[in-house]
Asks: 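My structure is below; once you've seen it, I'll send some questions.
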Amino acid sequence: MAACRSNMRSLATGASMYYGTYNSWGTLASFVSTHLMDNAQLMECPQGAAGADYTYTPGANTYTIDCPTGAAGLPQDHGSVIDGIQSWQ
């Protein structure tokens, strides 16, 4: 669970860096294409099944990062990050 949450924090940092540079939340692909976070599209929950990618949902003034384990019905929900605020804090 700690590694998963670390990954979500890293994605949130990437989102913040992108926003600070481009004044929009961008997409995972834009994090990669601008070289702010070259591994953004490759990040997966280490406890999920292969291809268990994080869900990153940008909006006009907000973003959400969700771990796929909760949706997959795994025993532990690893949480989410909404606008930089971690659900497990």
Asks: How close do Tyr22 and Thr34 get, heavy atom to heavy atom, and via which atoms?
Replies: OH-CG2, 3.5 Å
Asks: Determine, step by step, whether Leu28 and Tyr18 satisfy the side-chain contact (heavy atoms from CB on, under 4.5 Å) criterion, reporting the C-alpha distance in whole Å, the side-chain angles of both residues, the deciding distance to 0.1 Å, and the verdict.
Replies: CA-CA 10 Å; Leu28 295 180; Tyr18 189 90; over 6 Å; no
Asks: Can you see which heavy atom on Pro58 is nearest to which on Trp25, and at what distance?
Replies: CB-CB, 3.7 Å
Asks: To check you understand the geometry: which heavy-atom pair defines the closest contact between Pro68 and Asp53, and what is its length?
Replies: CG-O, 3.5 Å
Asks: Name every donor-acceptor pair, under 3.5 Å, that has one atom in a side chain of residues 4-11 and the other anywhere in the protein, sequence neighbours excluded.
Replies:
| from | atom 1 | to | atom 2 | distance (Å) |
| --- | --- | --- | --- | --- |
| Arg5 | NE | His78 | O | 3.0 |
| Asn7 | ND2 | Glu44 | O | 3.3 |
| Asn7 | ND2 | Tyr54 | OH | 3.2 |
| Ser10 | OG | Ser6 | O | 3.2 |

Asks: Mind listing the closest non-hydrogen atom pair of Asp66 and Ser80 along with its distance?
Replies: OD1-CB, 3.0 Å
Asks: How many angstroms lie between atom CD1 of Ile65 and atom CD1 of Ile82, to the nearest 0.5 angstrom?
Replies: 10.0 Å
Asks: Any side-chain heavy atom of Phe31 within less than 4.5 Å of one from Asp38?
Replies: no
Asks: May I ask whether Tyr63 and Tyr19 are part of the same hydrophobic cluster, defined by side-chain heavy atoms of I, L, V, M, F, W, Y residues being less than 4.5 angstrom apart, directly or through others?
Replies: yes
Asks: Just verifying a value: how many Å separate Thr21 OG1 and Leu36 CG, rounded to the nearest 0.5 Å?
Replies: 5.0 Å
Asks: List the steps, then state whether side-chain contact (heavy atoms from CB on, under 4.5 Å) holds for Val81 with Trp88.
Replies: CA-CA 9 Å; Val81 178; Trp88 57 90; 3.9 Å; yes
Asks: Under the criterion side-chain contact (heavy atoms from CB on, under 4.5 Å), I'd like the reasoning laid out for Ser30 against Thr27: C-alpha separation, chi angles, the key distance, then a yes or no.
Replies: CA-CA 5 Å; Ser30 65; Thr27 63; 3.4 Å; yes
